[in-house]
Asker: 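I am attaching a structure below and will ask some questions about it afterwards.
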Protein chains: 2
Amino acid sequence: MRATIKDVSALAGVSTKTVSRVLNREKYVSEDLRQRVEGAMAQLNFQPSAAARMLAGKRSHQIALIYGSQSPHYIHQIQTGIWARCVEEGVRLLAQPSDPDSPDLALEVGGLIDQTQVDGVILSAPVTDSEAALDELDRRGMPYVRISPGTDHGRSSSVSMDDVQAADDMTSHLIELGHKRIGFIIGHTNHAASDLRLFGYRRALDRAGLAYEPRYVRQGYFDFASGEAAAEVLLDLPNAPTAIFASNDDMAAGVLAVAHRRGLALPEQLSVAGFDDIALAGQIWPPLTTVRQPTREMAYAAAALLFEGVEGAVHRRIAHQLVVRASTAAPSA
Amino acid sequence: MRATIKDVSALAGVSTKTVSRVLNREKYVSEDLRQRVEGAMAQLNFQPSAAARMLAGKRSHQIALIYGSQSPHYIHQIQTGIWARCVEEGVRLLAQPSDPDSPDLALEVGGLIDQTQVDGVILSAPVTDSEAALDELDRRGMPYVRISPGTDHGRSSSVSMDDVQAADDMTSHLIELGHKRIGFIIGHTNHAASDLRLFGYRRALDRAGLAYEPRYVRQGYFDFASGEAAAEVLLDLPNAPTAIFASNDDMAAGVLAVAHRRGLALPEQLSVAGFDDIALAGQIWPPLTTVRQPTREMAYAAAALLFEGVEGAVHRRIAHQLVVRASTAAPSA
DNA sequence: TTGTACGCGTTATCAT
DNA sequence: ATGATAACGCGTACAA
């Protein structure tokens, strides 16, 4: 038989309201009573009914994470980060996968909120950019935080990394090593970060006084194959780059594969750099130098932002980190 | 303003209980009324309150997935599979990461159940083997299904793949290609599947009339480094294997790395096989031949088992699949 | 600082 | 096949 507040109150010799106060850590409870109540709760192994709390109160002690078609590793990082903050807050996490392109995404979101009465919602890219879903959230006055939104940055609180600076840092790192011909593979055009990373690459070149050479820049699509294709073209160039910087790690893995096939020694003959968006290539081919994307930290910060209940659209930027491995070296040519 | 059952019943001109019946797809509602009620629900965009349903009823329309320290990819497959079945059932999924080695895992599990009143629980390895957690579940009479349990198979319903057969299949495949010296790298000793896979390897050898050579078998620990180490030893052998079969893909990746370093042509000079437990190596090094572990299918089946509410400890075995790529070829030596 | 009475929105029980 | 009414276990509002 599950113990209820009534049982606790009887055992402790206080009113149910007092027990409720202790449970919710409200002020105005004497130390004396608090102890008695906590003792009784422990003795009965009292566990509050989430259902009753939701129904009676305003809060549900639950938040939802809505995520879409990202890589498993990315999603896992997101979940882990949010989870960590939720535990601190004593809040449960409802996982809600969803298709960002589905026409009834908005309905799903609306239904989720109306049914579960979650206290807040965290959106992970690319669901972050669904107008309809956001409208649904706004209409209900539901607090929400977006992680790495691609558009409409002023619309809600959000958390993201500084893609421009990250690409700039990596490019600068290569320049400092002495590279003058640095290839760059652009990410998928439908991803906002792609432009930002390209911009960071150009900014670093500019600052260093190196000319921007369009032929060293190839369009990719965030997948292994497009990385391979781009690398083939770049390495066939008359004055081939001594370093190639790919906008994500799947493409960087493609570059590495091509380098292997061509018998290029890494990093002596070619420096390869990327982002560890999915932390894949870096594990198998440790020689890849990467920008570590602070996914887990962003997620944690997003949850924190939600619980802090700040006013207006607060933006929080999380620092990235350059993981320099043996793969970047001074150019030999 | 959210619409309630009362609103719906008023609009439809029926009692609240009838609306409840329609909502829960109960029998004994005339087609006529059902239509009226459903019309009213749609018109008001009625969304039932999960909290109220839980409090009043016996079901919570929620199940929990408890998972531990698996690879992100594995966890993602699990979640995806369960989610798919939950959607069909109109049930929400509560994600509950947890440390399988934590002393208060049982308390967490108990608290989760008492607080959320979930309808059932799915345990994913290695949480599946926590005596204390299982006890807690049993004590409450909570239905649960385990995915790939390592021990105590009769204790609850469970779902798993046939590790013995899978390893047998792969080994047989190599034998059929003509390989007579097949190296094997054992998985981590604390993982039940390790023994089973070794057994499958031996069984295939036996059946083919090939002698089991202990020197072709090395102990590994499911990680990249142990795969490398084992490969170094195996390839240094006087009569080195013409094929190496690793018990998981991290180790197989290690084998591939060593082969690369030694300039061995794949698959001409060495065939490499593994399990895609984390589906990692197979993506980056397509030439790896693998046993595809049906993780998502197992998860789906686990949820199905839960919803079917079968009596006793039912075990369901999910079929694996041999993904043969260019990496296995007839031996050259 | 503590207690009382009521209501949250649904399902269960029992009646019809 | 349908309806009336009483729980479910907590938080809120107000009183003391």
Side-chain angles (χ1 to χ4, degrees), chain A residues 1-38 40-41 44-62 90-92 111 113-119, chain B residues 1-38 40-41 44-62 90-92 111 113-119:
Chain A
M1 201 54 191
R2 297 184 58 251
T4 71
I5 279 201
K6 227 169 200 167
D7 302 327
V8 176
S9 68
L11 181 61
V14 299
S15 75
T16 59
K17 178 60 203 178
T18 300
V19 177
S20 173
R21 287 202 174 91
V22 173
L23 184 60
N24 294 299
R25 296 198 179 83
E26 285 176 30
K27 292 171 67 177
Y28 305 127
V29 205
S30 67
E31 197 47 37
D32 176 36
L33 286 193
R34 152 159 287 128
Q35 304 258 344
R36 283 232 304 278
V37 170
E38 282 173 348
M41 294 203 302
L44 295 174
N45 194 318
F46 167 73
Q47 301 285 152
S49 153
R53 299 183 87 183
M54 277 189 235
L55 189 54
K58 212 55 195 159
R59 303 184 51 196
S60 71
H61 305 270
Q62 270 190 183
V91 158
R92 302 243 173 241
I113 295 171
D114 288 341
Q115 287 178 25
T116 66
Q117 311 243 264
V118 289
D119 301 332
Chain B
M1 203 53 191
R2 296 183 59 253
T4 72
I5 278 201
K6 228 170 198 164
D7 302 326
V8 176
S9 67
L11 181 60
V14 298
S15 75
T16 58
K17 180 59 201 176
T18 299
V19 177
S20 173
R21 286 201 175 91
V22 172
L23 184 60
N24 294 299
R25 296 195 179 83
E26 283 177 32
K27 292 171 64 177
Y28 304 128
V29 206
S30 67
E31 196 46 38
D32 175 37
L33 286 194
R34 151 160 289 126
Q35 303 257 345
R36 285 232 303 280
V37 170
E38 281 173 347
M41 295 204 302
L44 295 174
N45 193 324
F46 167 72
Q47 301 286 151
S49 153
R53 299 183 88 182
M54 277 188 234
L55 188 55
K58 214 55 196 156
R59 304 184 51 196
S60 71
H61 304 269
Q62 274 190 174
V91 158
R92 305 240 172 241
I113 295 171
D114 288 340
Q115 288 178 24
T116 66
Q117 310 244 263
V118 289
D119 301 332

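Per chain, numbering begins at 1; letters A, B, ... match sequence-line order. Owing to the predicted nature of the structure, the values given are computational and were not obtained by experimental measurement.
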Asker: What is the separation between atom CZ on Arg36(B) and atom C1' on dG3(D), rounded to the nearest whole Å?
Answerer: 14 Å
Asker: Side-chain N or O of Thr18(A) versus OP1/OP2 of dG3(C): is the shortest distance under 4.0 Å?
Answerer: yes
Asker: Only counting residues at least two apart or in another chain, list the ones meeting side chain to side chain contact (heavy atoms under 4.5 Å, CB included) with Lys6(A).
Answerer: Thr4(A), Thr16(A)
Asker: In chain order, what residues pass the salt bridge (charged side-chain N to carboxylate O under 4.0 Å, His left out) check against Arg36(B), with sequence neighbours excluded?
Answerer: Asp32(B)
Asker: Whole Å only: how far is the CD atom of Glu26(A) from the P atom of dG11(D)?
Answerer: 8 Å
Asker: List the residues meeting salt bridge (charged side-chain N to carboxylate O under 4.0 Å, His left out) with Arg53(B), not counting sequence neighbours, and say none if there are none.
Answerer: none
Asker: Does any non-hydrogen side-chain atom of Met54(A) lie less than 4.5 Å from one of Leu55(B)?
Answerer: no
Asker: Between dA7(D), dG3(D), dG11(D), which one does the side chain of Ala56(B) approach most closely?
Answerer: dA7(D)
Asker: Gln115(A) CD to dG9(C) C1': how many Å, rounded?
Answerer: 13 Å
Asker: Among all residues two or more places apart in sequence or in another chain, which pass the salt bridge (charged side-chain N to carboxylate O under 4.0 Å, His left out) test with Asp7(A)?
Answerer: none
Asker: Select one nucleotide: of dT2(C), dT10(C), dT2(D), the one nearest the side-chain heavy atoms of Val29(B).
Answerer: dT2(D)
Asker: Could you list the protein-to-nucleotides 13-16 of chain D atom pairs, N/O on both sides, closer than 3.5 Å?
Answerer:
none

Asker: Please enumerate all residues that pass side-chain hydrogen bond (donor to acceptor under 3.5 Å, both in side chains) together with Ser30(A), with sequence neighbours excluded.
Answerer: none
Asker: From CZ of Arg34(A) over to P of dT2(C), roughly how many Å is that when rounded to an integer?
Answerer: 10 Å
Asker: Roughly how many Å is it from NZ in Lys6(B) to P in dG3(D), rounded to a whole number?
Answerer: 15 Å
Asker: With sequence neighbours excluded, tell me which residues meet side-chain hydrogen bond (donor to acceptor under 3.5 Å, both in side chains) with Ser49(B).
Answerer: none
Asker: Rounded to the Å, how far apart are Arg59(B) CZ and dT11(C) P?
Answerer: 10 Å
Asker: Can you tell me if Ser15(B) touches the phosphate of dT2(D), counting only side-chain N or O atoms and a distance under 4.0 Å to OP1 or OP2?
Answerer: no
Asker: I want to check one thing: is the phosphate of dG9(D), taken as OP1 and OP2, less than 4.0 Å away from some side-chain N or O of Thr4(A)?
Answerer: no
Asker: Considering residues at least two apart in sequence or located in another chain, which fulfil the side-chain hydrogen bond (donor to acceptor under 3.5 Å, both in side chains) criterion with Gln35(A)?
Answerer: Glu31(A)
Asker: Under 4.0 Å between a side-chain N/O of Ser30(A) and OP1 or OP2 of dT2(C), yes or no?
Answerer: yes
Asker: Mind calculating the distance between CG (Leu23(B)) and P (dA12(C)) to the nearest angstrom?
Answerer: 11 Å
Asker: Going by heavy atoms closer than 4.0 Å, what residues in residues 45-55 of chain B are next to DNA chain D?
Answerer: Leu55(B)
Asker: Can you measure Asp32(A) atom CG to dT2(C) atom C1' for me and round it to whole angstrom units?
Answerer: 12 Å
Asker: Report yes if some heavy atom in the side chain of Gln115(B) is under 4.5 Å from a heavy atom in the side chain of Arg92(A); otherwise report no.
Answerer: yes
